[in-house]
Amino acid sequence: MKTILVAAGTSDNKRNFAVTFIQNYLNEQDVEAAVTGKSIYKVSELDLEVSAIVVIGQPNFQTDVPVIDGTAFITKFGMETCCEQIINAL
């Protein structure tokens with residue numbers, strides 16, 4: 001199963017909102033993937049064993065895993081477009 005990490009430098013509420021929205025969107029599109037969330041400041045090399053990363057804030061890590069800008073989850077504009085980018089990255 002694919003795994004998506006939401007790495008956010010914002011509040012837990014915003015990170016949890018993004019995780020829930022993405023998971024629900026993927027379920028509606030019949031995409032099997034697990035979505036988890038973590039503080040962007042606590043992401044380590046071990047966490048980069050995921051299929052895609054949605055970043056909300058400035059990442060302080062480098063990876064070959066596809067990284068999607070999650071600013072849409074702060075502004076509430078373009079969240080579906082962000083989810084489509086995640087699906088395309090998988």
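Residue indices begin at 1 and follow the sequence shown. Since this is a predicted model, take the numbers as computed values, not measurements.
Under the side-chain hydrogen bond (donor to acceptor under 3.5 Å, both in side chains) criterion, Asp30 pairs with no residue, sequence neighbours left out.
Nearest approach of Gln23 to Val35, heavy atoms of both residues: OE1-N, 3.0 Å. Considering every non-hydrogen atom in both Ala33 and Leu26, the closest pair reads CB-CD1, 3.9 Å. For the pair Leu90 and Lys2, the tightest heavy-atom approach, listed with the atom from each and the gap, is O-NZ, 3.6 Å. Contact record, Val43 with Ala7: CG2-CB, 3.8 Å, taken as the closest heavy-atom pair. Taking each heavy atom of Val54 and Gly70 in turn, the nearest pair found is CG1-CA, 3.7 Å. Counting all heavy atoms, side chain and backbone alike, Phe77 lies closest to Ala72 at O-CB, 3.2 Å.
Residues Ile56 and Arg15 fail the side-chain proximity criterion, which asks for heavy atoms closer than 4.5 Å.
Under a hydrophobic-cluster definition in which Ile, Leu, Val, Met, Phe, Trp and Tyr are linked whenever side-chain heavy atoms come within less than 4.5 Å, directly or via other members, Ile22 and Val67 are assigned to different clusters. Hydrophobic clustering (side-chain heavy atoms under 4.5 Å, transitive across Ile, Leu, Val, Met, Phe, Trp, Tyr) keeps Tyr41 apart from Val6. Ile74 is not connected to Ile40 by any chain of hydrophobic side-chain contacts under 4.5 Å among Ile, Leu, Val, Met, Phe, Trp and Tyr, and they are in different clusters. Ile87 and Met79 fall within a single hydrophobic cluster, where Ile, Leu, Val, Met, Phe, Trp and Tyr are joined by side-chain heavy atoms under 4.5 Å apart, directly or via other members. One hydrophobic cluster holds both Val19 and Phe17 under the rule that ILVMFWY side chains link at heavy-atom gaps under 4.5 Å.
Residue pairs meeting the side-chain hydrogen bond (donor to acceptor under 3.5 Å, both in side chains) criterion with at least one partner in residues 71-90, sequence neighbours excluded, are Tyr25-Glu84, Asp69-Thr71.
Between the side chain of Thr3 and the backbone N or O of Ala34 there is no donor-acceptor pair closer than 3.5 Å.
For the atom pair CD1 (Ile86) and CD1 (Ile4), the distance works out to 5.5 Å, reported to the nearest 0.5 Å.
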